[in-house]
Amino acid sequence: MTAAPSTTVPPFEELVAPPHWRTVDFISDLHLQASEPATVAAFQQYLESTPADALFILGDLFEVWVGDDALRERGSFEAQGCALLRAATQRLPVYFMHGNRDFLAGPDFLAACGITGLADPTVLTVGGQRYVLSHGDLLCLDDVDYQRFRLQARSAAWQQQFLAQPLATRRVQARGIRQESEAKKQSGASYADVDGSAAVAWLHAAGAHTLIHGHTHRPAHHVLAPGLQRVVLSDWDAAALPPRLETLRLSRAGLERLSLAPK
């Protein structure tokens, strides 16, 4: 029997920004896939033009990641995506946190892309201010079925069993999961949101004032309590009307949402 999801505040990793960082970008939930080339192109243009001193990708960069061995498949979409990231890391450091779609991205992925992995959650200190970074799915406590699956799928045993299957088999399974997810969205089913009390507990434990996360696809700024806030990142979809292409930028002016859609 699978254990119930835990409400215990997890341990935080710490990352202190170097003094020369003046601008930091946060993005998540791009869900990159070969069938949506406009979003991929927008991501490439962003990587080539951002003035940020560092980029934090907070999960679900890819629609699905079926294993690092996909990078070795000739002409694979995964290899193309990693090439974009590796080119970007020649200009700025890029940090990556697992999401619920790309949690199988492993050390070979990080090395191929030249990026740095982040634990979920991580406390980032910039300019003396502390920010909690998370994908966000761990805080959606009302989605009990998902939380149970998350516990199972993050276990070494489950991942070893899944990755032992042929790559082609894993790709077929991934397509089935995407189709189920799309059917759920089309049905109008509601998704659990981040639990406010749990978010406050995280911030108190981390000694931070701001939680930055993705996952829910509900970009917003929530005041949780006096002096405590939750900032939700947008997902990306260049084909949407209007397009959803957005970064959250931290600078001396504070946090600012910037649309990357063509004017």
Side-chain angles (χ1 to χ4, degrees), residues 3-17 24-32 54-65 68 85 93-110 113 115-126 130-144 146-156 158-159 191-219 222 224 228-236 247-248 250:
S6 173
T7 57
T8 304
V9 176
F12 299 94
E13 282 203 359
E14 299 271 349
L15 177 62
V16 178
V24 179
D25 279 1
F26 304 94
I27 59 176
S28 73
D29 299 278
L30 280 70
H31 294 269
L32 298 178
L55 169 62
F56 288 80
I57 303 171
L58 302 187
D60 285 2
L61 174 61
F62 293 92
E63 171 66 7
V64 67
W65 192 266
D68 289 359
L85 289 165
V94 178
Y95 296 83
F96 169 80
M97 180 179 287
H98 291 113
N100 56 294
R101 298 298 186 95
D102 47 22
F103 64 90
L104 286 172
D108 289 348
F109 162 77
L110 297 176
C113 300
I115 60 180
T116 302
L118 282 180
D120 188 355
T122 288
V123 177
L124 171 66
T125 300
V126 183
R130 292 168 63 82
Y131 301 85
V132 176
L133 309 181
S134 176
H135 178 57
D137 58 329
L138 193 57
L139 284 161
C140 294
L141 301 181
D142 286 345
D143 194 345
V144 176
Y146 168 73
Q147 294 297 338
R148 289 194 172 118
F149 169 76
R150 190 184 192 282
L151 280 172
Q152 179 186 47
R154 300 302 175 101
S155 70
W158 187 95
Q159 293 187 12
Y191 288 81
D193 202 356
V194 163
D195 184 274
S197 297
V200 168
W202 279 29
L203 289 171
H204 282 314
H209 56 75
T210 300
L211 166 66
I212 300 173
H213 71 86
H215 180 63
T216 64
H217 298 198
R218 299 171 184 171
H222 302 275
L224 299 171
L228 301 180
Q229 62 179 344
R230 174 168 72 91
V231 182
V232 190
L233 302 173
S234 173
D235 64 321
W236 283 37
T247 184
L248 180 70
L250 175 62

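Residues take their numbers from the sequence shown, with the count starting at 1.
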Check for a donor-acceptor pair, side chain of [X] on one end and backbone N or O of [Y] on the other, with a separation under 3.5 Å.
X: D60; Y: R101; value: yes
X: H98; Y: A105; value: yes
X: D102; Y: G99; value: yes

With sequence neighbours excluded, residues passing side chain to side chain contact (heavy atoms under 4.5 Å, CB included) with [X]:
X: D142; answer: A192
X: D68; answer: W65, P107, D108, F109
X: L15; answer: F56, Y95, L118, T122, L124

Shortest non-hydrogen contact from [X] to [Y]?
X: G214; Y: V232; value: O-CG1, 4.5 Å
X: A199; Y: L139; value: N-CD2, 4.0 Å
X: T247; Y: F26; value: OG1-O, 3.4 Å
X: G136; Y: S134; value: N-OG, 3.1 Å

Mind checking what makes side-chain hydrogen bond (donor to acceptor under 3.5 Å, both in side chains) contact with D137, not counting sequence neighbours?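 For D137 the side-chain hydrogen bond (donor to acceptor under 3.5 Å, both in side chains) partners, ignoring immediate neighbours, are Y146, R150.
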The criterion is side-chain hydrogen bond (donor to acceptor under 3.5 Å, both in side chains); which residues satisfy it with D25, sequence neighbours excluded? Y46, T50, R249
First locate atom [atom1] of [X], then atom [atom2] of [Y], and finally report the distance between them rounded to the nearest 0.5 Å.
X: I27; Y: L55; atom1: CD1; atom2: CG; answer: 4.5 Å
X: W202; Y: D195; atom1: CH2; atom2: CG; answer: 11.0 Å
X: E63; Y: H31; atom1: CD; atom2: NE2; answer: 6.0 Å
X: L211; Y: L224; atom1: CG; atom2: CG; answer: 7.5 Å
X: R130; Y: T125; atom1: CZ; atom2: OG1; answer: 4.5 Å

Could you list the donor-acceptor pairs under 3.5 angstrom formed by side chains in residues 203-210, with sequence neighbours left out?
from: H209; atom 1: NE2; to: Q129; atom 2: OE1; distance (Å): 3.0
from: T210; atom 1: OG1; to: Q229; atom 2: NE2; distance (Å): 2.8

For a 4.5 angstrom cut-off between non-hydrogen side-chain atoms, does V123 reach L133?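 A side-chain contact under 4.5 Å is absent here.
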Side chain to side chain, L233 and H213, heavy atoms closer than 4.5 Å: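 No, their side chains stay 4.5 Å or more apart.
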Classify the side-chain pair N100/H215 by whether it contains a donor and acceptor separated by less than 3.5 Å.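 Yes.
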